[in-house]
Enquirer: 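Handing you a structure now.
Within every chain, numbering begins at 1; the chains are lettered A, B, ... in the order of the sequence lines, protein sequences first and strands thereafter. Every heavy atom of this structure was used, including side-chain atoms; hydrogens, water molecules and symmetry mates were not.
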Protein chains: 2
Amino acid sequence: MQEEIVEGLRKLGLTEYEAKAYATLVGMGEATAREVHELCGVPRTRIYDILRDLGSKGFVEFVQGSPTYYRAVEPDRVMERLRDELVACIDRSTSELLSLNLEAHGSSPVWCVRSEWGIKNRIRDFLSKVEQELIVFCRSPDLLTEHRAELKKVVGLQIKVDRKEKFEDSGFEVLEMREGSERFFKDSIIDGSRNSIDALMIADGRSSIVIGTMSGEKLAIIIKLPVIAMLQKAVWESMV
Amino acid sequence: MQEEIVEGLRKLGLTEYEAKAYATLVGMGEATAREVHELCGVPRTRIYDILRDLGSKGFVEFVQGSPTYYRAVEPDRVMERLRDELVACIDRSTSELLSLNLEAHGSSPVWCVRSEWGIKNRIRDFLSKVEQELIVFCRSPDLLTEHRAELKKVVGLQIKVDRKEKFEDSGFEVLEMREGSERFFKDSIIDGSRNSIDALMIADGRSSIVIGTMSGEKLAIIIKLPVIAMLQKAVWESMV
DNA sequence: TTGCATTGTAACTCAATTCGTTACAACAAA
DNA sequence: TTTGTTGTAACGAATTGAGTTACAATGCAA
C-alpha cells in the first residue's frame, strides 16, 4: 500500500480507510470486500461500510451478490470531477470574499507575517513596488535565488553580504560588509528567546522588510515608516 | 456572518472558527482580536489561537502590540495559492492511481452505481458507446435534458414514455406506451422496500442500464448481457 | 441435516480534533 | 486600589474516525 497515495487522497477529503480501500481497488480491478480488506489492511468488519460510503461518493461501483463484488470507478474521471468541484468551490469563495473586502489595505505601517508562504508572498509584493533603489542584506543566497526573477527587474539594486564566498554561484554582484558590522545582525537573545536575522531589504528609503527567526519561528516584519527605513539605511551605510 | 462563505472555506480545509475569523477579518480590513471576536462570534478566549493558526497558515498578518492588530491577507492571493496546492495534489494522485491501474476494466457483466454523480458518469459512458440503436424508456424529461447533447448524437434513437404531455417541451420525439404497459414500471414493493424505475435504456440489443430508486436510494444498474437486453427489448416492444 | 467457515450488520471502545467554557495572570486606566 | 482589557492555559463536551467484539444470515461440505 503506497503511503503517498493514501496521503494525497486524504488531503482531498477521503478518510484513511476510504483512501486505502479505493487505492487498493484501483489496483485490483475487481474484487470482493474480503479481498480488499486483505490487501489494504482495513478491518474486515469495517470494509463494508467503507465501500458503501465510497459508492455514495461516486468512487466505486458494485454488483450485489454473495459475495458482492466491487470495482473502482476510473481514477482519471473521479479525479477530474473532484478537481472541478474544488475549483468551483474556490472560485465561489474567492468572489464572495472579495465582495466583502471593502476596506483598503495597509493603513498600519508595521506588519508581521508568520507563515512560510505568507513571507514569500510579502517579499514578492515588496519587490514589485520598488521604484528606484533596493538595498538588500542577506546571509544566505537562498533568498536571492528564490526571488531571482523579481530582483533582476530592479534597477538600483545593491546587495551586501556577510561573506562573499557563499554568493559566488548566485549570479548576483554582491559587496562584503566591513569587518565588525556583523554585530548588527548576529544572533541575539531577547527576553530569553533566540532571534536571528536572515535578511533585510530597504526599498527607496521608504519601506523595509526584515526576515528572520524569532523564538524559533520564521517571521517577516514589514515596516513602511520612512523614518525607520532611513535609520536602517544609515546603519547599513556604516557597514561598508 | 455569511453562512455560505464559512461553509465554502470549511470545505477547503479550515475549521468553523478559522473560517469565521478569516471571513470577518477580510470584511474589516484591520482589527484587534476583540473586534474580530465581537463580529464573528468566536469566543474571545479562543480567538487568539485561531488567529495565530491563521497566521501560520498564511491567511492573516499581524502587528504585535497591546492590543495586537490583525488583518487578512488578500483573499485572491490566498485562494490562488490554495487552488494551486489542491490541483497539484489532484494531479499527483491521478498519476499515482493510474500507474496502479493495470487491470482492464469490466469483466463482470453487471454493475451497480449508487452516487448521483456516478450514475451520470455511467450514463455518459453508456451513451458514448452506442453504435446503431438506442431505445429509451423514461417517465420524466429530466434524463433527456440532462444528457441532451449525447442523445442527439445517437442515430437510431427511439424514446417511449408513459405520458406524452410531459415531454412536449423536451425537444425529443417520443412515443407513448400502450395502455397497461405501465405495470412493468410502476412502483413496486420488494422485500418491504419501495422500488421505482425512472428510466431504462437498451443499446444495440447488447447492453442496458436501469435507473431508479431502490429502498429510498437512487441506483443505476448496468447490464452487459445480451440475453437480458434482448428480454428487456421484447418486453419493450410489447408495449407499443 | 448438522457443523463450519464466510458474508454482512450493528454496536461498542478508544483516540484525536474541535467547540465552548472557566480560571487566571499581566497590564493599563481611573 | 479597583476595574476592565489583553492574552494564556487548561478543561469538559461533542464529534469523527480508527479499531474491536458480538452476532445474525448465508452458503457449503460432510
Enquirer: Please set out all donor-acceptor pairs under 3.5 angstrom arising from side-chain atoms of residues 38-54 of chain B, sequence neighbours excluded.
Expert:
unit_1	atom_1	unit_2	atom_2	d
B/Arg44	NH1	B/Tyr48	OH	3.2
B/Arg46	NE	B/Asp49	OD2	3.1
B/Arg46	NH2	B/Asp49	OD2	3.4

Enquirer: Counting heavy atoms from C-beta on, name the nucleotide in D/dA18, D/dG7, D/dT6 closest to the side chain of B/Ala33.
Expert: D/dG7
Enquirer: Report which part of the nucleic acid A/Pro67 touches: base, sugar-phosphate, or nothing (heavy-atom distance under 4.0 Å, all strands).
Expert: sugar-phosphate
Enquirer: Starting at atom OH of A/Tyr17, determine the distance to atom C1' of D/dG17, rounded to an integer number of angstrom.
Expert: 8 Å
Enquirer: Given atom CD1 of B/Ile47 and atom P of C/dG20, what is their separation to the nearest angstrom?
Expert: 12 Å
Enquirer: CG of A/Asp53 versus P of C/dA10: gap in Å, rounded?
Expert: 13 Å
Enquirer: Parallel, tilted or perpendicular: which one describes the rings of A/Tyr70 and A/Phe62, with boundaries at 30° and 60°?
Expert: tilted
Enquirer: Would you indicate whether the side-chain heavy atoms of B/Asp198 and B/Leu143 approach each other to under 4.5 Å?
Expert: no
Enquirer: Is any side-chain heavy atom of A/Arg92 less than 4.5 Å from a side-chain heavy atom of B/Ile5?
Expert: no
Enquirer: Using a 6.0 Å distance limit plus a 45 degree cone around the ring axis, check whether A/Arg81 lies over the aromatic ring of B/Trp117.
Expert: yes
Enquirer: Polar pairs (N or O, both sides) under 3.5 Å between protein and nucleotides 8-13 of chain D?
Expert:
none

Enquirer: Roughly how many Å is it from CD in B/Glu16 to C1' in D/dA14, rounded to a whole number?
Expert: 12 Å
Enquirer: Of B/Glu80, B/Glu74, B/Arg77, which meets side chain to side chain donor-acceptor pair (under 3.5 Å) against A/Asn121?
Expert: B/Arg77
Enquirer: On DNA chain C, compare the nucleotides closest to A/Thr32 and B/Ile50; which residue's is nearer the 5' end?
Expert: A/Thr32
Enquirer: Rounding to an integer number of Å, can you tell me how far B/His37 NE2 sits from C/dT21 C1'?
Expert: 13 Å
Enquirer: Taking the side chain as everything from C-beta on, heavy atoms only, tell me whether B/Glu35 gets closer than 4.5 Å to B/Thr24.
Expert: no
Enquirer: Answer whether the closest heavy-atom distance between the side chains of A/Asp204 and A/Val130 falls below 4.5 Å.
Expert: yes
Enquirer: Got A/Leu82 and B/Leu86 here, is their nearest side-chain heavy-atom distance under 4.5 Å?
Expert: no
Enquirer: Give every pair of a protein N or O atom and an N or O atom of nucleotides 27-30 of chain C that lie under 3.5 Å apart, one pair per line with the distance.
Expert:
none

Enquirer: Counting side-chain heavy atoms from C-beta on, which of D/dG7, D/dG19, C/dC19 comes nearest to B/Thr15?
Expert: C/dC19
